[in-house]
Participant: 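Got a structure here, written out as structure tokens. Questions coming.
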Number of protein chains: 2
Amino acid sequence: MQSPEELTTAFRARGLKVTPQRQLIFRLLAGNDRHPSADVLFATASAAMPGISLRTIYQTLTDLTSMGELRALDVGAGATRFDPNIDDHHHVICDHCGDVRDVYVSGVESLRLLSDADAEAHGIFEIDRTQVVFRGTCSPCRSTR
Amino acid sequence: MQSPEELTTAFRARGLKVTPQRQLIFRLLAGNDRHPSADVLFATASAAMPGISLRTIYQTLTDLTSMGELRALDVGAGATRFDPNIDDHHHVICDHCGDVRDVYVSGVESLRLLSDADAEAHGIFEIDRTQVVFRGTCSPCRSTR
DNA sequence: TGGTTATTCGCAATCTGTGCAGATTGTGGC
DNA sequence: GCCACAATCTGCACAGATTGCGAATAACCA
Ligand SMILES: [Mn+2]
Ligand SMILES: [Mn+2]
Ligand SMILES: [Zn+2]
Ligand SMILES: [Zn+2]
């Protein structure tokens, strides 16, 4: 995601307005590596700006996502998580607490599809992106077991 | 997933009963590589057994999943998809229609985490499983664009 | 400054999935 | 084959996440 300042420019360029609510959300997301859900952002935003609506949070997250500034992540834990890091990276997810961590991975280019049916699938599909997800248990969750 | 016959035995062995509803669901899942959602299964099941409840579909899917006969897949398209293929395999997903195809991939063992923060994350997390998801557009969806 | 147009916000509605309880049915033992 | 009993089925209420809608409001450009 670009900086709050750059986003301000980008929004205006698109005919979108830069409201205090949006600026706050930009700031909350900038450099955030926690992969927050809309709900978590709403809680944080509400502390800084009481009265801000959850609807506005969703609205802005959707806008940023469709602008390509944000990536939506479905980790299979109820709510969608949002990722301002749009670098080519991957994730480690704790199946117990839902913690999501960034990881940079080598060897992704070397992945190869096997067998005929796969080759066919490969030909039939136009692949845009490869996501690697490592699932497991984080240290804190391992302690309390 | 085991065959419907084997599942019958497995269920009885666990003190679970084998009802016509469950048998139907076993049959609908056996060899099914479409990764159906509960909803889709409900529609198909309803055709064969009018009156069957969506609740029963969910119930049986949950049972099969916790028995390890089925894998639940979150593809970020609303509903959970269920996979009777419990081999070590991966998926190609069409971002437009939600089509999910099985692919067998080589090179997964060679994936390596880079950088310090990642190495730390790797040490902190106990990784159980690595999922690779190829995202893109299937041929039919490409035509209609 | 004013007018136009996007945005905000609250609320209803949708969608997916789960909790509950009464009526029903599969099963193992006789 | 019949019984007793536990497991199941179903309908319905409910919860959580997200979206649709519209009236009131606020941003932006001339
Ligand atoms: Mn990330
Ligand atoms: Mn599969
Ligand atoms: Zn954890
Ligand atoms: Zn498609």
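Residue numbers begin at 1 in each chain, while the letters A, B, ... track the order of the sequences. A quick note: this is a predicted structure, and the numbers were derived from the prediction, not measured.
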Participant: Just how far is it from atom SG of A:C94 to atom CZ of A:R142, taken to the nearest 0.5 Å?
Facilitator: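 The distance works out to 9.0 Å.
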Participant: Examine the side chains of B:D102 and B:H35 and answer whether a donor and an acceptor come within less than 3.5 Å of each other.
Facilitator: yes
Participant: Taking all heavy atoms of A:V132 and all of A:H90, pick out the closest pair and write down the distance.
Facilitator: N-ND1, 2.9 Å
Participant: Decide salt bridge (Lys or Arg N to Asp or Glu O under 4.0 Å) for A:D63 and A:R22; before the verdict, give the C-alpha distance in whole Å, the side-chain angles of both, and the deciding distance to 0.1 Å.
Facilitator: CA-CA 10 Å; A:D63 291 343; A:R22 283 179 175 174; 3.2 Å; yes
Participant: Does anyone know the first and last nucleotide of DNA chain D in reach of chain A, 5' to 3', at under 4.0 angstrom to a heavy atom?
Facilitator: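 Here the contact window of chain A covers D:dA17 to D:dC28.
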Participant: Taking only residues two or more places apart in sequence, or in another chain, which ones meet B:D95 in a salt bridge (charged side-chain N to carboxylate O under 4.0 Å, His left out)?
Facilitator: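 With neighbours one apart ignored, the set is A:R129, B:R135.
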Participant: To the nearest 0.5 Å, what is the distance between CD on B:Q21 and CD on B:Q23?
Facilitator: 9.0 Å
Participant: If the sugar-phosphate is the primed atoms plus P, OP1 and OP2 and the base is the rest, what is the B/S/- string for nucleotides 25-30 of chain C, using protein heavy atoms under 4.0 Å?
Facilitator: -BSS--
Participant: Return the set of residues passing salt bridge (charged side-chain N to carboxylate O under 4.0 Å, His left out) with B:R81 (not counting sequence neighbours), or none when no residue passes.
Facilitator: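 Partners of B:R81 by the salt bridge (charged side-chain N to carboxylate O under 4.0 Å, His left out) criterion come out as none, since no residue qualifies.
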Participant: Please give the remaining members of the hydrophobic cluster of B:I86, linking ILVMFWY side chains under 4.5 Å, ordered by chain and number.
Facilitator: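 Answer for B:I86: none, a lone residue.
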Participant: Less than 4.5 Å apart, side chain to side chain, heavy atoms only: is that true for B:D33 and B:N85?
Facilitator: no
Participant: Could you work out, with salt bridge (charged side-chain N to carboxylate O under 4.0 Å, His left out) as the rule, every residue matching B:R71, not counting sequence neighbours?
Facilitator: none
Participant: Is B:M1 isolated, or which residues cluster with it under the ILVMFWY side-chain rule of less than 4.5 Å, directly or via members?
Facilitator: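 B:L7, B:F11, B:L16, B:V18, B:L24, B:I25, B:F26, B:L28, B:L29, B:L41, B:F42, B:M49, B:I52, B:L54, B:I57, B:Y58, B:L61, B:L64, B:M67, B:L70, B:F82, all in the cluster of B:M1.
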Participant: Contacts to DNA chain C from residues 42-53 of chain A, heavy-atom cutoff under 4.0 Å, which residues?
Facilitator: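 Those residues whose heavy atoms fall under 4.0 Å from DNA chain C, taken from residues 42-53 of chain A in numerical order, are A:G51, A:I52, A:S53.
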Participant: So, taking the atom named SG in B:C138 and the one named CD1 in A:I124, what distance separates them when rounded to the nearest 0.5 Å?
Facilitator: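 One finds 8.5 Å between SG of B:C138 and CD1 of A:I124.
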Participant: Using five base pairs at each end, measure the axis-to-axis angle across the helix from C:dT1-D:dA30 to C:dC30-D:dG1 and round it to 10 degrees.
Facilitator: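 Nearest ten degrees gives 40° for this helix.
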Participant: Could you list the cluster mates of B:V133? Members are the ILVMFWY residues connected by side-chain heavy atoms closer than 4.5 Å, either directly or through other members.
Facilitator: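 Traced through the cluster, B:V133 reaches B:L73, B:V75, B:I93, B:V100.
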Participant: For the atom pair CZ (B:F134) and CG (A:L113), what is the distance rounded to the nearest 0.5 Å?
Facilitator: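 Output value for this atom pair is 5.0 Å.
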Participant: Sugar-phosphate atoms are those with a prime plus P, OP1 and OP2; base atoms are the rest. Using that split, label each nucleotide of nucleotides 15-21 of chain C B, S or - for protein heavy atoms under 4.0 Å, 5' to 3'.
Facilitator: -SBBBB-
Participant: Using a cut-off of 4.0 Å on non-hydrogen atoms, how would the nucleic acid contact of A:Q21 be classed: base, sugar-phosphate, or nothing?
Facilitator: sugar-phosphate
Participant: With sequence neighbours excluded, what pairs up with A:D83 under the salt bridge (charged side-chain N to carboxylate O under 4.0 Å, His left out) test?
Facilitator: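 Per chain and number, A:D83 pairs via salt bridge (charged side-chain N to carboxylate O under 4.0 Å, His left out) with no residue.
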Participant: How close or far is atom P of C:dC9 from atom CD1 of A:I57, stated in whole angstroms?
Facilitator: 9 Å
